[in-house]
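Here the structure comes first, spelled out in structure tokens, and everything after it is commentary.
Quick note on labels: first sequence line is chain A, next is B, and so on, each numbered from 1.
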Amino acid sequence: MVGYVCKYTPIEVFAGFGEAPSFLLPEEASYDCADSLMWPAVCGYAKSVLQCLHEGDGGACACGAAVFTDCCDAMKRVYDILSRGAVQAGGATDIGASAEHAGSAYAGAPPESAGAVAAPFMVWLPRVITDASIREYARGVGSFIERYEAYCGRRFDVPAFLRACARANAGNGPARDGEGYVALMGARAPASLMNAAQGLCALPVRNLTCGSGERKFSGIPDADRVNNAGVGNGGVSAGRAGLTDELLIWYAGELLAQTPCMRMNDSGARSALTGDPSLKAVVYHTIQFCDFYGFEYARLPQGVPALKLETDYTPASSGQLATRLQAFFESNGMLLADARARAPESAGPSHTGRGPADYGAFRITGNDRRDDMPNRYYAGVDSGSTSTNAVVIDADAEIVASSTVPTGADSAAAARMALSEALAEAHSTEGELAAIVATGYGRVSVPFAAQDVTEITCHAKGAHRLAPGARTVIDIGGQDSKVIRLSPDGSVTEFSMNDKCAAGTGRFLELMAATLGMDMDEMARAGLRPGETVDISSMCAVFAESEVISLIARGKSIEDIVWGVDLAIAGRVASMATRLGAEAPYVMTGGVANNAGVVKALGEKLRERSGRHGGLTVPGSPQICGALGAALIARDTA
Amino acid sequence: MNVVDFFGQTVNRNFRRHPRFTRGFVRLGYAAQQRMLRGKRGDRRLPSQILLEQLSMRAMRAPLSDPSRTAIVNMFAPAELLHAMGLHPLCAEGFSSYLSGGRCERGFLDYASERGVPETFCSYHRALIGAVLADLVPKPRFIISSSSVCDANTSTFRTVAAHYGMDAFYIDVPHEESGDAVAYVRGQLEDLVRLLEDGMGKRMDEEALGRAVRNTNASVRYQLKFIEELSRRDFYTYIAAEMHRIIAGHNLLGTDEALAFFRAQYEDILGSPPLGGGAGAGRRKRVIWCHVLPYYVAPLKEAFNFSDRYQLLMSDLNYDQLIGLDAGDVLGSMARRLITNHFNGSAERRAASVTDMARKLGADGAVIFCHWGCKHSNGGAFMLRDALKDAGVHTLVLDGDACDRRNTNEGQFATRLQAFLEILDGRQGGAAW
């Protein structure tokens with residue numbers, strides 16, 4: 001088996017050596033090995049491949065050889081590192097040898113075995129498509145065939161290669177004209193993301209990411225008529241046995257004629273991907289530090305709903321990705337019915353491992369609740385990273401009671417406590433609840449809720465209730481921040497979330513407060529009394545912490561530093577709002593909305609970006625907005 | 001508030017709503033800066049360094065004033081062809097450096113990010129995109145870039161071209177030198193010449209091209225002689241000068257002004273003291289730099305600017321293409337220069353070249369700077385470190401951002417740099433990162 005990482009790789013050639021191609025899509029839980037070989041701030045996919053091929057953990061990377069193209073700078077370096085490792089394993093470690101090797105690193109014979117991958121190969125790939133570039137690529141493919149022959153000791157079988165081209169055509173399956181579908185586009189996506197999308201979406205999901213796509217070959221020469229012992233004419237085939245210039249140039253041209261990826265200079269043909277009338281929505285995947293696809297996302301045509309998901313290519317963020325996918329499909333009416341109405345047995349144990357039986361008093365299932373209860377009230381529970389909120393409303397959608405408790409380590413227990421407190425305030429009991437909806441990061445761990453809905457939808461619903469004219473919800477929570485655009489009727493039109501780092505979240509404020517030795521209330525007040533604007537320029541919370549320490553050392557006042565912190569978090573969130581095309585009036589929700597300094601800073605930043613004064617309001621209890629939305633959904637859907 | 005802060009704040013405050021005013025203000029600011037670049041009493045800059053700053057400042061001003069004779073380019077676009085056609089190259093990295101120097105990069109970086117440019121994208125390119133999208137940069141006559149050396153070129157120049165509604169010319173550069181590869185690139189350069197001729201409505205002036213080639217070759221000769229002298233002399237310089245030299249050695253290569261600078265630089269080093277003969281006690285520690293320099297970081301300036309303890313020798317961005325052009329095959333030799341540039345191709349090629357540079361210059365230490373968003377350079381940083389370490393050169397891998405101040409933590413930077421210099425002072429072994 002031969003591994004490869006790019007769709008332009010001449011994989012049909014592998015069949016000419018009796019080898020099967022294996023597209024490398026490793027999902028590595030850790031990059032400890034890759035980070036020791038390569039500067040960490042590069043794309044997670046490249047690091048996954050490096051980790052996998054270097055460590056030799058089998059699985060996704062169990063291959064004898066791996067063929068790279070210079071599909072991006074990061075992948076070029078992965079090849080460099082793997083081939084250098086091989087050189088060192090072979091004993092040629094002195095600089096002179098390295099320098100000598102450098103002259104032919106991409107063209108010479110592959111180095112000997114190092115780690116899992118026996119031989120890394122590089123095939124240079126043009127970025128433009130012209131007759132000259134096709135010839136140059138054909139020359140590279142011919143050179144690769146020659147090198148692979150030398151590596152494996154077998155002759156290249158031209159008819160087998162051509163049969164593989166024919167099989168590729170047959171493998172594309174019948175055209176699916178007219179069938180509505182959702183496209184997964186952008187940078188290559190791990191299988192888990194594709195599976196999650198397919199598991200949540202009512203429509204078929206097609207993988208159109210950069211590593212995928214149909215391989216189409218037209219005008220395939222007849223395998224039976226190709227003389228395996230034919231001799232090239234000394235052009236791009238360089239006289240290699242069995243190869244002719246014509247054949248190599250045909251093959252190179254066909255490879256380059258695929259739907260271009262974004263690293264090709266002319267990527268205009270990609271517009272066909274979004275121009276298909278059967279396309280109903282786009283889930284757009286980008287990988288942190290792989291910048292090509294962020295550009296395309298910014299220019300996606302209007303009219304097709306699109307969700308951007310940025311990952312670091314580790315499985316760590318799969319839970320958050322599922323939240324976003326669910327919210328996206330939910331807001332576009334594409335959510336699978338099974339995914340919306342959670343069956344009782346699927347509620348699952350809490351984070352601490354206790355099962356649903358522990359919450360017997362609150363187990364209200366979709367089947368039995370209406371028969372047993374007076375249906376007076378509806379409840380929403382927002383299980384957030386820092387706090388858990390519960391709201392109880394009556395049949396007229398009026399808030400009867402609410403509560404907030406710290407989430408702590410046991411999110412299910414916190415949810416139970418929050419609901420208990422709210423019910424106590426309402427002088428009610430669980431028996432009077434007609435329906436409970438859970439939301440927030442811990443929503444799947446609220447076993448007594450009959451339904452879970454994402455916080456995106458719930459915040460929109462709650463915010464529309466609290467501030468009916470608002471067109472944009474800005475929610476800064478403990479672990480993430482969100483910007484949600486609303487239609488005039490309060491439904492979600494677009495949203496954006498930041499949860500990859502602390503910057504722009506309540507956690508950032510907590511870290512800064514700890515550094516300054518203040519509690520959150522003191523910090524909220526201090527930000528309103530600045531004398532001078534100081535810059536907290538770091539986007540990274542860890543760097544910002546050192547910056548704050550430096551500012552203290554330079555004698556800046558605490559008030560000025562706090563204001564600088566407020567402006568930093570506000571700037572981050574305002575930029576996210578601008579990117580989303582957010583419009584006033586804005587409503588700010590989430591716990592951070594209780595911090596008057598941040599609210600003031602955010603107002604200034606939004607005004608700076610939009611040139612409009614005012615337009616940012618904070619409702620009375622901004623932290624219960626998500627729970628309120630959940631309660632309203634419980635009422636509407638009961 | 002000092003004048004640079006005032007300049008930066010004025011630009012950042014106005015560019016979104018008053019782009020024309022901002023463009024005029026930037027032109028005015030650059031013109032004022034040009035006048036302030038003259039030498040003054042107590043100035044430690046050498047005559048060549050003053051000349052260098054003036055010519056690179058002029059290179060930034062011209063495109064803003066004369067867009068119809070401007071080409072927005074990357075660092076490796078063949079400069080001689082542009083100069084022979086009377087064009088001003090506006091280089092992405094150089095232009096953004098000047099925005100950063102005027103403390104107004106942040107606004108344009110944010111502006112680009114707000115329009116979807118990823119925050120992990122090279123900050124030089126992001127700042128240029130922001131400035132273009134915000135209409136700070138007037139529509140040029142040409143846009144020219146190459147696949148060499150980094151991925152950012154493809155996305156940046158495509159975005160810039162789309163904004164202006166014009167085509168960008170792209171030079172596709174193979175990794176390895178061969179007759180076929182040179183012919184492939186030469187063919188593209190022939191197309192470029194035709195594009196320039198059509199766009200300017202005149203034929204390439206052979207005499208002007210010949211002069212540019214002669215200037216380049218003389219400049220390269222002066223640089224090689226300078227390097228030879230640098231290996232045995234104490235040359236006093238500063239961080240920003242090394243950045244300006246990158247402009248002179250790439251986008252201004254082939255001009256009379258660049259040649260005048262390289263000649264003056266050689267004359268200046270001939271007047272410098274021999275090794276150990278400087279004002280400091282004993283031999284200065286000699287340090288090479290890999291990649292761009294975060295010229296604004298105070299601890300870096302304190303360590304190296306005209307220092308009697310540490311000598312900044314050279315960045316490898318000034319050592320990447322020290323080869324002349326063949327007057328009999330100008331385009332072919334330009335093609336060869338693009339292909340064999342040590343930033344093109346494998347990381348080992350660069351490592352071998354940088355190691356060679358360190359040996360020639362007698363470097364005690366090397367700093368490998370990982371500029372935020374540069375996957376091309378950062379991906380091979382550890383390979384470079386290992387090669388230098390094997391050659392006996394103490395090496396520090398530092399991360400930060402030479403354009404966007406927000407991505408550099410000065411405190412951490414200072415600690416790491418200082419510790420590295422302490423190692424050099426103590427002649428202790430090992431690498432640092």
Does any heavy atom of chain B fall under 4.5 Å from the side chain of A:Tyr297, the backbone, both, or neither of them?
neither
Please report the interatomic distance CE(A:Met122) to NE2(B:His175), rounded to the nearest 0.5 Å.
6.0 Å
Check each atom of B:Ala181 against the heavy atoms of chain A and say whether the ones under 4.5 Å are side chain, backbone, both or neither.
both
A:Glu608 versus B:Arg16, closest heavy-atom pair with distance
O-CD, 4.3 Å
Assess whether side-chain contact (heavy atoms from CB on, under 4.5 Å) is satisfied between A:Glu136 and B:Asp180, documenting all intermediate values.
CA-CA 8 Å; A:Glu136 198 59 22; B:Asp180 296 319; 4.0 Å; yes
With a 3.5 Å distance limit and no angle check, can you tell me whether B:Arg158 reaches the backbone of A:Asn265 through a side-chain donor-acceptor pair?
yes
If you compare all heavy atoms of A:Ala298 against all heavy atoms of B:Gly116, which two are closest, and at what distance to 0.1 Å?
CB-CA, 3.8 Å
Quick one: CG on A:Asp73 to SG on B:Cys374, what's the gap to the nearest 0.5 Å?
7.0 Å
The criterion is ring-ring contact (aromatic ring centres under 6.0 Å, His included); which residues satisfy it with B:Phe21, sequence neighbours excluded?
B:Phe25
Are B:Met383 and A:Ile81 packed together at the side-chain level, in the sense that at least one heavy-atom pair is separated by less than 4.5 angstrom?
yes
Less than 4.5 Å apart, any side-chain heavy atom of A:Met262 and any of B:Asp151?
no
In terms of heavy-atom pairs under 4.5 Å with chain A, which of B:Cys150, B:Ser147, B:Ala381 leads?
B:Cys150
For the pair A:Asp291 and B:Lys375, find out whether any cationic side-chain nitrogen is under 4.0 Å from an anionic carboxylate oxygen.
yes
Side-chain heavy atoms of B:Tyr170 within contact of A:Arg127, under 4.5 Å
yes
Considering only heavy atoms, which portion of B:Phe121 lies under 4.5 Å from any heavy atom of chain A: side chain, backbone, both, or neither?
both
Atom pair CG (B:Asp172) and OG1 (A:Thr130), whose distance is rounded to the nearest 0.5 Å:
8.0 Å
Gap separating the CD atom of B:Glu119 from the CD atom of A:Gln288, nearest 0.5 angstrom:
10.0 Å
Report yes if some heavy atom in the side chain of B:Pro118 is under 4.5 Å from a heavy atom in the side chain of A:Phe295; otherwise report no.
yes
Which bit of B:Thr159 is near chain A, if near means a heavy-atom gap under 4.5 Å: side chain, backbone, both or neither?
side chain
Taking B:Asn378 for its side chain and A:Trp39 for its backbone only, find out whether a donor-acceptor pair lies under 3.5 Å.
no
Taking the side chain as C-beta and beyond, is there a heavy-atom pair between A:Arg263 and B:Thr154 under 4.5 Å?
no
Side chain of A:Arg77, backbone of B:His376: donor and acceptor closer than 3.5 Å?
yes
Shortest non-hydrogen pair, B:Ser346 vs A:Asp80, comes out as CB-OD1, 3.6 Å
Residue set satisfying ring-ring contact (aromatic ring centres under 6.0 Å, His included) with B:His371, at least two apart, ordered chain then number -> B:Tyr124
Closest non-hydrogen atom pair, A:Ser133 against B:Tyr184
CB-OH, 3.0 Å
Is atom CG of A:Asp131 surrounded by more than 12 heavy atoms (other residues, nucleotides or ligands) closer than 6.0 Å?
no
